[in-house]
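Sequence lines set the chain letters: A, B, ... in the order given, protein chains first and strands last, and positions in each chain run from 1.
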Amino acid sequence: MTVVTRFAPSPTGFLHIGGARTALFNWLYARGRGGKMHLRIEDTDRERSTQAAIDAILDGLSWLGIEWDGDTIYQFARSARHREVAESLLASGNAYYCYASPEELTQMREAARAAGRTKLYDGRWRDRDAAEAPPGVKPTIRLKAPLTGETVIEDQVQGRVVWQNENLDDLVLLRSDGTPTYMLAVVVDDHDMGVTHVIRGDDHLTNAARQKQIYDALGWPVPVMAHTPLIHGPDGSKLSKRHGALGVDAYRAMGYLPAALRNYLVRLGWSHGDQEIFSTAEMIATFDLPQIGRSPARFDFAKLESLNGHYIRQSDDAELLAAIERLLPHIAEGATLAAKMTPALRQQLLAAMPSLKERAKTLLDIIDGAHFLLADRPISLDDKATALLTSEARDLLGDVAAELGKVEPWTNEATEHAVRGFAEQRGAKLGAVAQPLRAALTGRTTSPGIFEVLSLLGKAESLARLADQAARRDTQDARSGVG
RNA sequence: GCUCCCUUCGUCUAGCGGUCUAGGACGCGGCCCUCUCAAGGCUGAAACACGGGUUCGAUUCCCGUAGGGAGCGCCA
């Protein structure tokens with residue numbers, strides 16, 4: 001039997017992180033078994049479904065590298081079939097018309113809760129003759145669910161879960177306006193699509209029991225079920241926007257790599273011994289349902305960052321540059337940066353990439369680290385760099401610039417030799433010279449190795465930046481009357 | 001309230017009755033490396049929620065308690 005899974009989001013918002021993980025699990029499970037994963041958009045709620053949300057979901061999945069098989073299925077388009085199935089249930093005596101008014105329903109619900117009963121609808125139209133129907137009322141169709149016995153789900157993650165049928169009431173299959181409810185639609189669609197494995201969030205666990213009853217009434221085989229615990233926020237509560245319940249597009253904008261997010265997500269609630277790093281092929285080969293934990297996992301940005309840093313470091317330089325360029329349309333300063341992207345700058349960025357990526361946790365960090373290549377003269381100094389460039393340091397800058405002026409050819413080795421020689425001559429530590437250099441050259445107190453910065457910038461630009469800072473002392477002194 | 005699910009270091013987790021003086025990873029502390037910041041190497045602190053059973057023996061099995069979570073719509 002070929003494995004068929006599906007990812008079935010409702011397009012009422014973006015593809016959030018929990019949905020992304022569900023999609024990933026379905027995808028991995030199918031791919032690992034030579035099966036197929038389908039995408040079904042559950043858009044039967046016409047009020048809340050939007051095209052923008054559909055686009056966001058599709059875009060999010062493809063950014064994550066999760067591709068589905070066959071055409072995307074839209075649930076709303078299948079409502080005629082859903083109605084047909086509801087009517088067949090009616091014909092077979094497994095369903096009935098219910099004429100209860102909304103007011104009656106509310107009353108029943110309140111009474112049930114007050115009495116501590118879980119069964120909300122009392123089945124009052126279950127065996128009543130349609131002749132007794134109040135005039136002008138459009139009925140719903142309800143499932144004639146079993147009154148006794150139990151409904152059992154053998155869940156691949158949760159184990160054997162049992163409900164007493166006396167606690168489950170007759171659910172609505174078809175609304176009074178003739179549209180199907182979610183319960184009916186999922187069952188019919190999963191069956192028609194040949195879905196063999198339903199992998200979804202455990203917020204659907206109770207739904208699974210009710211759906212099982214529909215399958216049974218229809219005489220259809222029930223797919224294998226796997227209900228994975230939800231992802232929680234860092235404090236253990238429900239994941240909120242503040243915590244990371246963002247669309248995957250937000251993670252892209254924060255500079256995370258799809259491979260890192262996939263790796264983070266797959267290890268959230270699933271494990272394979274002590275392994276932390278998984279290539280896509282390894283995930284596909286090792287992922288399985290029984291290894292999914294039963295307790296909810298908390299979302300941890302720090303670990304995601306660490307993983308992202310790992311993937312950045314092991315990424316190819318040219319690919320990182322390409323990823324950054326692809327990212328530009330999605331970030332705030334992107335347009336400005338994109339405008340600066342000349343072939344010459346690309347070359348510089350590529351040359352700087354090995355040391356930039358070693359210092360970065362996100363693509364945004366890389367862009368930030370490349371600041372010294374992006375900035376125009378005279379570059380502005382941040383507070384720490386400003387504090388570092390005392391008048392003594394600026395004096396020293398002038399002197400070391402003079403030494404550097406003699407260096408030819410302008411290589412890492414040559415500048416290092418010159419600067420080290422200069423420091424030795426002064427009886428100074430290398431750091432005492434390197435830090436002022438760094439401040440003047442990059443405007444900051446942290447950067448890649450100073451000799452690398454020199455060579456990345458080139459001789460002319462380096463000397464000009466040094467001159468900018470060495471000269472500033474004179475104007476400052478003049479202004480304060482010291483000179 | 002009712003139904004169902006869950007509970008190992010701060011976090012993600014390994015463990016499927018003796019191998020546990022409980023392992024790995026992130027984070028945190030220290031040391032090394034070092035021109036800064038990273039990266040890297042070494043190293044340290046850090047957990048079986050609680051109470052009963054079952055058993056020769058429980059982190060592992062059962063039952064309670066406590067604490068979390070999900071669901072309870074003519075929403076999906």
**Student:** Does Asp43(A) pair with Arg48(A) as a salt bridge, N-O distance under 4.0 Å?
**Tutor:**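 Not counted as a salt bridge, because no side-chain N and carboxylate O are separated by less than 4.0 Å.
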**Student:** For rG40(B), take OP1 and OP2 only and decide whether either is under 4.0 Å from a side-chain N or O of Arg313(A).
**Tutor:**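 Yes, such a contact exists.
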**Student:** Is the phosphate of rA70(B), meaning OP1 or OP2, less than 4.0 Å from a side-chain N or O of Arg200(A)?
**Tutor:**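 Answer no for this pair, as no side-chain N or O of Arg200(A) is under 4.0 Å from OP1 or OP2.
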**Student:** For the side chain of His204(A), starting at C-beta, report the closest nucleotide among rG24(B), rG71(B), rA76(B).
**Tutor:** rA76(B)
**Student:** Under 4.0 Å between a side-chain N/O of Lys361(A) and OP1 or OP2 of rA39(B), yes or no?
**Tutor:** yes
**Student:** Give Ser176(A) one of three labels, base, sugar-phosphate or nothing, depending on what nucleic acid heavy atoms sit under 4.0 Å from its own.
**Tutor:** base
**Student:** Where the side chain of Arg438(A) is defined as all heavy atoms beyond and including C-beta, which of rA14(B), rC35(B), rA76(B) is the nearest nucleotide?
**Tutor:** rC35(B)
**Student:** Does the rC72(B) base have a donor-acceptor partner in the side chain of Thr118(A) within less than 3.5 Å?
**Tutor:** no
**Student:** State, with a plain yes or no, whether a side-chain heavy atom of Arg6(A) is found less than 4.5 Å away from one of Asp190(A).
**Tutor:**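 Sidechains of Asp190(A) and Arg6(A): in contact.
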**Student:** Is there side-chain contact between Lys119(A) and Glu166(A), with at least one heavy-atom pair below 4.5 Å?
**Tutor:**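 Heavy-atom side-chain distance check fails, nothing below 4.5 Å.
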**Student:** Which base, if any, makes a Watson-Crick or G-U wobble pair with rU55(B), both distances under 3.5 Å?
**Tutor:** none
**Student:** Is the phosphate of rC72(B) approached by Thr206(A) (side-chain N or O, under 4.0 Å from OP1 or OP2)?
**Tutor:**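 Thr206(A) to rC72(B) OP1/OP2: no side-chain N or O under 4.0 Å.
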**Student:** So which nucleotide from rC74(B), rC26(B), rA70(B) ends up closest to the side chain of Ala302(A)?
**Tutor:**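 Looking only at side-chain atoms, Ala302(A) lies closest to rC26(B).
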**Student:** Should rA25(B) form a Watson-Crick or G-U wobble pair with both distances under 3.5 Å, which nucleotide is its partner?
**Tutor:** rU11(B)
**Student:** Between His232(A) and Phe299(A), is the ring centre distance below 6.0 Å?
**Tutor:**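 Not under 6.0 Å, so no.
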**Student:** Answer yes or no: is there a side-chain heavy-atom contact under 4.5 Å between Arg126(A) and Lys144(A)?
**Tutor:**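 Touching, per the 4.5 Å side-chain cut-off.
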**Student:** Is a donor-acceptor pair below 3.5 Å formed from side chain Arg359(A) to base rC37(B), judging by atom type as modelled?
**Tutor:** yes
**Student:** Counting only Watson-Crick pairs (N1-N3 plus N6-O4 or O6-N4) and G-U wobbles (N1-O2, O6-N3), all under 3.5 Å, who is the partner of rU19(B)?
**Tutor:**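 Answer to the pairing question: none, since rU19(B) forms no Watson-Crick or G-U pair.
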**Student:** Under 3.5 Å for both donor-acceptor distances, Watson-Crick or wobble: does rC31(B) have a partner, and if so which one?
**Tutor:** rG41(B)
**Student:** Over how many whole Å does the gap from Arg294(A) atom CZ to rU13(B) atom C1' extend?
**Tutor:** 12 Å
**Student:** When we call it a touch if two heavy atoms are under 4.0 Å apart, what does Val162(A) touch: a base, just sugar-phosphate, or nothing?
**Tutor:**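 Counting heavy atoms under 4.0 Å across all strands, the contact made by Val162(A) is with sugar-phosphate only.
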**Student:** Answer with base, sugar-phosphate or nothing: what part of the nucleic acid does Lys119(A) contact at a heavy-atom distance below 4.0 Å?
**Tutor:**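 The answer is nothing, as Lys119(A) stays clear of every strand by at least 4.0 Å.
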**Student:** In the strands shown, is rA49(B) matched to any nucleotide by a Watson-Crick or G-U wobble pair with both distances under 3.5 Å, and which?
**Tutor:** rU65(B)
**Student:** Given rU7(B), rA76(B), rC5(B), which nucleotide is nearest the side-chain atoms of Ser295(A)?
**Tutor:**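 Nearest to the side chain of Ser295(A) among the choices is rU7(B).
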**Student:** Go through residues 444-452 of chain A and report each residue with a non-hydrogen atom lying under 4.0 Å from RNA chain B, sorted by number.
**Tutor:**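 Hits under 4.0 Å, by residue number: Thr445(A), Thr446(A), Ser447(A), Pro448(A), Gly449(A), Ile450(A), Phe451(A).
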**Student:** Provide the Watson-Crick or G-U wobble partner of rG71(B), both distances under 3.5 Å; none if there is no partner.
**Tutor:**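 rC2(B) is the nucleotide pairing with rG71(B).
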**Student:** Rounding to an integer number of Å, can you tell me how far Glu110(A) CD sits from rC2(B) P?
**Tutor:** 18 Å
**Student:** Which one, rG71(B), rA25(B), rA14(B), comes nearest to the side chain of Asp203(A)?
**Tutor:** rG71(B)
**Student:** Could you work out which one of rC35(B), rC72(B), rC12(B) sits closest to the side chain of Leu120(A)?
**Tutor:** rC72(B)
**Student:** Examine rC35(B): is either OP1 or OP2 under 4.0 Å from a nitrogen or oxygen in the side chain of Arg420(A)? Give yes or no.
**Tutor:** yes
**Student:** Could a donor-acceptor pair under 3.5 angstrom be found where the side chain of Asp274(A) meets the base of rG23(B)?
**Tutor:** yes
**Student:** Do the non-hydrogen side-chain atoms of Tyr74(A) and Ile54(A) ever get within less than 4.5 Å of each other?
**Tutor:** yes
**Student:** Nearest to the side chain of Asn207(A) - rG69(B), rA76(B), rG24(B)?
**Tutor:**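 That would be rA76(B).
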**Student:** Rounded to whole Å, please give me the gap between CG in Leu230(A) and P in rC5(B).
**Tutor:** 16 Å
**Student:** Under 4.0 Å between a side-chain nitrogen and a carboxylate oxygen: does that hold for Arg113(A) and Glu110(A)?
**Tutor:** no
**Student:** Which nucleotide in the list rC35(B), rC74(B), rC26(B) gets nearest to the side chain of Ser306(A)?
**Tutor:** rC26(B)
**Student:** Using Watson-Crick or G-U wobble geometry with both distances under 3.5 Å, which nucleotide pairs with rU36(B)?
**Tutor:**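 For rU36(B), the partner nucleotide comes out as none, under the 3.5 Å rule.
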**Student:** Consider the side chain of Thr140(A), meaning its heavy atoms from C-beta on, and name the nucleotide among rC4(B), rC74(B), rU13(B) that approaches it most closely.
**Tutor:** rC74(B)
